[in-house]
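Structure first, commentary second.
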Amino acid sequence: MKNNMKVWRAKNNLTQEELAKKLSVTRQTINAIEREKYDPSLELAFRLAFFFECTIEDIFTYEK
């Protein structure tokens, strides 16, 4: 799944570590999502959207 999470993180001036702490996940999880090596659970996707005050579709784009 494509994403622009790194852009959202940069807009909020957060490091991967800072974002991970705010979402109660590891920095490695944030890194893997940004590198598109890991698709987050639906719950984590909602938490990210809620945190950034946007929709899931603003962060993630599904591609077959």
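Only heavy atoms go into these numbers, but all of them, side chains included; no hydrogens, no water, no symmetry mates. Here the structure is a predicted model, which means the values were calculated and not measured.
The CG atom of L48 sits 10.5 Å away from the CD atom of E43 when rounded to the nearest 0.5 Å. With rounding to the nearest 0.5 angstrom, the CE atom of M1 is 8.5 Å from the OH atom of Y62. Rounding to the nearest 0.5 Å gives a distance of 10.0 Å between CD of Q28 and CZ of R35.
The shortest distance between side-chain heavy atoms of N31 and K37 does not fall below 4.5 Å. F46 places none of its side-chain heavy atoms less than 4.5 Å from the side chain of S41. For the pair F60/K2, no side-chain contact is recorded, criterion being any heavy-atom separation below 4.5 Å from C-beta on. Within the 4.5 Å cutoff, the side chain of L19 has heavy atoms near those of the F52 side chain.
The nearest pair of heavy atoms linking A49 to T55 is CB-C, 3.8 Å. Annotation for I33 and N3: closest pair O-ND2, 2.6 Å, computed over non-hydrogen atoms.
The pair E34-R9 meets the salt-bridge criterion, with a side-chain N (NZ, NE, NH1 or NH2) lying under 4.0 Å from an Asp/Glu carboxylate O.
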Going through the checks in order, is the side chain to side chain contact (heavy atoms under 4.5 Å, CB included) test met by E18 and N13?
-> CA-CA 9 Å; E18 290 167 336; N13 199 29; over 6 Å; no

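Remark: the backbone N or O of D58 is paired with a side-chain donor or acceptor of W8 at under 3.5 angstrom.
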